[in-house]
Amino acid sequence: MNEIPTRYNPKETEDKWYKFWEEKGFFAAGANPEKKPFCIVIPPPNVTGILHMGHALNNTIQDILIRYHRMKGEESLWMPGTDHAGIATQNVVEKALAKEGLKRQDLGREKFIRRVWQWKEQYGSTIIRQLKKLGASCDWQRERFTMDEGYSCAVIEVFVRLYEKGLIYRGSYIINWCPRCQTALSDEEAPHHELQGNLYYLRYPFKDNPDEYIVVATTRPETMLGDTAVAVNPKDRRYKKAIGKCLILPLINREIRVIADSMVDMEFGTGAVKVTPAHDPNDYCLAKKHNLEFVNVMHPDASMNDAAGDYRNMDRFEAREVILEDLKEKGLLEKVVPHVLSAGHCYRCHTIIEPYLSKQWFVKMKPLAKPAIDAVKKGKIRFHPGRWTKVYLNWMENIQDWCISRQIWWGHRLPVYYCSNCMKQADQSPGQRVTGSPVKNKGIIVSRSKPEKCPDCGSSDIYQDEDVLDTWFSSWLWPFATFGWPELSQDLKYFYPTAVLVTAPEIIFFWVARMIIAGFEFMGDIPFRDVYIHGTVRDIEGKKMSKSLGNIIDPLSIIDEYGADALRFSLISITAQGQDVFLSKERFEQGRNFANKIWNASRFILMNLEPEQARVDLCDYFQKEKLSLVNRWILSRFYSALKGVDQYLETFRFNEAVNTLYSFFWHEFCDWYLELIKSDIKRNENQVVMYKMLEKSLRLIQPFMPYIAEEIWQRLAHEGESIMVRPWPHVQEQLIDKKCEKEAESVFEAVTGIRNLRTSLEIRPEQRVKVSLYPHAKAKSKLLNESSGLIKDLARLESLEFLSENKRPAACVSAVSKDADIYLHFSGLLDLAAEQEKIKKKTTSLSALLRAKEARMKNAEFVKKAPKEVVEGEKESINKLNEELSRLQKMHDELR
RNA sequence: GGGCGCAUGGCUCAGCCGGUUAGAGCGCCACACUCACAUUGUGGAGAUCAUAGGUUCGAAUCCUAUUGCGCCCACCA
């Protein structure tokens with residue numbers, strides 16, 4: 001056995017075991033009526049993705065759950081796959097094209113799409129490979145991609161069904177437009193960030209009196225070119241006379257009217273608002289109400305268009321500067337005041353969003369949201385931690401219609417067809433997003449496949465809509481479309497609803513909420529019972545990890561340096577109840593060290609194990625033999641730890657689970673148990689218990705650190721092919737023995753007490769010493785007597801004697817442990833003063849404690865109202881303190 | 001403007017339903033490589049649990065307010 005190295009080397013084990021598991025089919029799951037299903041669908045990473053710490057954390061949690069439930073005998077399926085990530089992927093491929101000096105338009109749609117598929121074939125499995133490095137036990141044979149043929153059918157099916165129900169409509173509205181990606185975005189894809197900008201005060205002269213003007217305040221002066229009115233509050237005295245009058249819009253010289261609307265906030269700016277219906281959602285509403293003209297002044301790339309007159313073709317921000325210059329020159333720029341504003345940003349490229357008037361497709365969300373709200377309110381779906389429930393409900397209850405059309409090429413093309421003939425006659429005026437009543441426009445055909453003829457006019461001049469669907473319009477079907485919906489397969493019926501969804505807070509709206517909606521709409525049931533929201537991974541300064549900040553800790557380099565198990569362990573141990581995770585590289589040392597500890601403890605056991613002795617059934621053995629205190633103790637501790645791990649995993653408290661395991665294995669099993677049995681390791685019962693404890697501990701470790709668990713388990717005598725398919729241990733309540741634990745602790749305290757004395761006297765570790773113990777009670781006397789061998793070993797004693805009367809032997813230093821007075825025979829020079837000082841210090845702190853407790857007992861209210869156990873506990877504690885204090889006093893006196 | 005989270009030893013954090021002599025990891029100090037592991041062991045120092053009120057027999061733990069930091073949502077032009 002000496003060939004086992006003293007250091008665990010993850011590199012030699014990880015790939016080997018992963019391959020083994022996969023080849024053996026241990027990850028596979030399928031409908032099995034004999035067993036309870038447990039299913040998790042992976043949040044599908046983008047095909048463009050590379051594994052970052054957020055993924056690592058997210059997937060480690062899922063893997064722990066899956067491995068745990070698999071061992072518990074449930075049919076556990078982890079459904080994997082990737083997301084086509086429309087805009088993100090298109091951007092990546094466009095960047096690659098740009099290197100060749102090409103634009104996607106140069107290739108044309110078809111060729112470009114082929115290029116993206118090629119890219120996907122080549123690089124799209126990167127993240128899957130990386131998940132495998134992490135140890136993810138997904139059923140890879142089921143891997144899905146949101147653009148798979150079957151999955152695409154589900155997407156089309158959903159669109160058609162919703163359209164037919166009147167829940168999808170088309171219309172012109174102000175949407176979030178990314179000028180760089182040149183597509184519409186949903187509200188969720190355009191998060192607002194604060195910007196330091198200015199509030200510009202512009203003068204708009206009256207037509208009939210050019211020397212008079214109204215001053216309007218704006219943060220985006222370039223949009224003034226599209227102004228078609230100025231609005232004031234009807235109650236605003238300052239502008240009473242101006243209402244209905246005509247102004248001349250500077251630079252453009254358009255005549256615009258002053259209108260009155262109560263929407264205008266009199267307090268803000270000057271109380272007069274420029275109205276730009278085509279570039280601001282509020283102004284859009286105003287314009288609808290007051291029948292104003294819509295003047296779009298920008299091209300899709302946010303450069304100014306012909307309507308911008310002399311400013312045409314300037315970029316919007318360049319135009320801003322020039323316009324300000326020109327206004328200043330004309331004396332029409334009154335002042336500029338610094339102003340913090342918040343503007344939408346493209347979540348893909350961070351470009352500032354332009355509110356833009358365009359014709360898009362929308363899903364009417366209000367009616368869909370209702371069952372999804374109820375399900376969460378009634379607790380059919382539970383968020384962990386619970387506080388996210390509020391966030392979810394708040395969003396759901398204020399839900400807005402969802403803009404689902406994107407002006408890009410990569411994605412599911414809308415199943416929408418137009419009849420050229422009918423479209424010529426169709427009314428092109430903007431619809432009403434607010435009322436959202438679907439208008440079945442003539443000439444628009446929504447169909448699962450391309451229609452031959454127009455049902456209205458019979459023309460065969462039919463073309464498909466150019467737009468594709470929002471990526472999330474396919475992701476929201478993930479929990480059932482991955483099982484082949486709309487077909488109701490055996491697997492779908494068996495695994496749906498899934499058990500848990502594990503994800504980050506950022507995508508509650510994007511994905512979680514919409515999956516719940518889709519679940520009800522298309523499956524008539526919740527998609528999952530529990531939603532575990534973990535924290536965001538941040539760097540040690542609390543910043544989000546991002547490429548641009550350069551503060552990324554790459555999980556793969558951590559795996560390379562410390563091992564996947566170490567990565568998993570460390571990530572989990574610092575993930576408290578969905579709190580954000582602050583990471584520095586050093587954190588992974590703890591995981592690596594723990595793996596090494598497991599390795600070396602196992603190495604020690606393997607070197608000392610007599611396999612034939614160890615293979616005894618523990619329960620039988622326990623009944624036949626009366627086990628020693630230490631063996632009963634470690635069994636009790638093990639099952640207590642197991643109980644904790646079970647409980648913590650069921651309640652999604654992963655850090656508690658892992659910490660319980662860590663402290664059991666390291667500080668109890670290694671630090672005490674193995675040390676305690678070391679001197680008598682060949683004894684049969686020690687062999688049995690040592691073996692069983694290791695084997696069972698490994699099973700507990702397996703979900704968290706699967707590689708090292710497998711590597712050791714395989715070297716150990718074992719039943720079955722792999723630890724990952726062995727059953728999870730059951731809690732043996734009859735082996736949990738609190739009395740025994742107390743007794744053991746009493747022995748440990750004696751040892752610690754002696755070690756303490758040794759250190760304070762600077763006695764060399766190799767030097768053996770004589771100790772006398774005076775046990776405080778008869779029972780303790782028996783216990784300590786029986787354990788004298790252990791105490792001698794661990795405290796490195798030459799001899800240990802027990803005193804029957806509490807009399808201080810000569811030439812001793814003393815200490816008080818929980819159940820005994822300790823006298824260490826010391827012939828060297830004693831620092832009496834120091835000893836006394838120590839005793840004094842302890843006396844002081846104990847007296848303070850005692851006084852506090854006595855005061856509590858004197859309080860009649862406390863005695864009357866506090867529960868009996870608490871009062872009894874206090875009494876007992878006071879007695880003990882008194883005893884201890886008098887012992888300390890005695891020792892102090894004797895030292896003179 | 002609304003909502004949420006966090007403030008506990010030098011650092012990073014645990015501490016569930018109120019009763020503990022307030023824990024851990026890292027760091028620090030001392031000692032130790034003969035016996036699985038120096039990615040180790042043994043022992044130690046170090047905390048008025050952000051502040052102010054309140055509820056309670058009793059609060060780090062519940063309530064209110066304040067301060068600081070962070071996040072999310074919202075049509076302040």
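Fair warning: this is a prediction, and the values are worked out from it, not measured in the lab. In what follows, chains are A, B, ... by sequence order, proteins preceding strands, each numbered from 1. All values below were derived from every heavy atom in this structure, side-chain atoms included, with hydrogens, water molecules and symmetry-related copies excluded.
The residue A:P191 sits apart from the nucleic acid: no heavy atom pair falls under 4.0 Å. Residue contacts for A:V273: at a heavy-atom cut-off of 4.0 Å it reaches a base atom on one of the strands shown. Among the heavy atoms of the strands lying under 4.0 Å from A:T752 are primed sugar atoms or P, OP1, OP2 only; no base atom is included. Residue A:D265 is classed as a base contact, given a heavy-atom separation below 4.0 Å to a base.
Remark: A:K678 is positioned above the aromatic ring of A:F604, its terminal NZ or CZ atom under 6.0 angstrom from the ring centre and at most 45 degrees off the axis.
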Can you check nucleotides 7-9 of chain B for protein contacts, nitrogen or oxygen pairs under 3.5 Å, and list what you find?
none

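Taking atom CZ of A:R587 as the reference point, atom C1' of B:C11 lies 9 Å away to the nearest angstrom. In this entry the distance linking CG of A:N394 with P of B:G1 reads 18 Å, nearest Å. One atom, CG of A:N398, and another, C1' of B:C72, lie 14 Å apart when rounded to the nearest Å. Spacing between atom CG of A:N859 and atom C1' of B:C57 amounts to 5 Å, rounded to whole angstrom units.
Candidate nucleotides B:G19, B:U56, B:C72 were compared by shortest atom distance to the side chain of A:P867, and B:G19 ranks first. The nucleotide whose nearest atom lies closest to any side-chain atom of A:R755 is, among B:G25, B:G43, B:A74, B:G43. Of the candidates B:G44, B:G19, B:C76, B:C76 carries the atom nearest the A:F268 side chain, counting heavy atoms from C-beta on.
The residues A:E861 and A:K865 are annotated as salt-bridged, a charged nitrogen and a carboxylate oxygen being separated by less than 4.0 angstrom. Of the charged side-chain nitrogens involved, none lies within less than 4.0 Å of a carboxylate oxygen, so that A:R592 and A:E561 do not count as a salt-bridged pair.
The nearest heavy atom of RNA chain B to A:T218 and to A:K853 marks one nucleotide each, and the one closer to the 5' end goes with A:K853. When each of A:D280 and A:H193 is assigned the nucleotide of RNA chain B bearing its nearest heavy atom, the one mapping closer to the 5' terminus is A:H193.
Ring-centre distance between A:F594 and A:F704: not below the 6.0 Å cut-off.
For A:N282 against B:C75, a side-chain-to-base donor-acceptor contact under 3.5 Å is present.
Look at A:K390 and you'll find a side-chain N or O under 4.0 angstrom from OP1 or OP2 of B:C4. Not one side-chain nitrogen or oxygen of A:H192 sits closer than 4.0 Å to the OP1 or OP2 atom of B:G1.
Remark: A:F383 pairs with A:Y392 by the ring-ring contact (aromatic ring centres under 6.0 Å, His included) rule, at least two apart or across chains. Every residue two or more places apart in sequence or in another chain was checked for a side chain to side chain contact (heavy atoms under 4.5 Å, CB included) with A:T759, and none qualifies.
With both ends at atom C1', the span from B:G25 to B:G46 equals 15 Å, rounded to whole Å. Separation of the C1' atoms belonging to B:A7 and B:U55 is 23 Å when rounded to the nearest angstrom. On the P atoms, B:G23 is 15 Å away from B:U48, given to the nearest whole Å. If you take atom P in B:A24 and the same atom in B:A14, they sit 16 Å apart, rounded to whole Å.
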- With pairs defined as Watson-Crick or G-U wobble and both distances under 3.5 angstrom, please note down RNA chain B as a dot-bracket string, | for pairing with another strand. (((((((..((((.....[...)))).(((((.......))))).....(((((..]....))))))))))))....
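Looking at A:D565, its side chain does come within 3.5 Å of a backbone N or O of A:Y707 through a donor-acceptor pair.
Interface residues of residues 225-232 of chain A facing RNA chain B, ordered by number: none; criterion, heavy-atom separation under 4.0 Å.
Minimum interatomic distance between A:G386 and A:T389 (heavy atoms only, all atoms of both residues): O-OG1, 2.6 Å.
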- Query: Nucleotide by nucleotide, 5' to 3', does protein get under 4.0 Å of the base (B), only the sugar-phosphate (S), or neither (-) in nucleotides 30-39 of chain B, counting heavy atoms?
  - Reply: -SS-BBBB-B
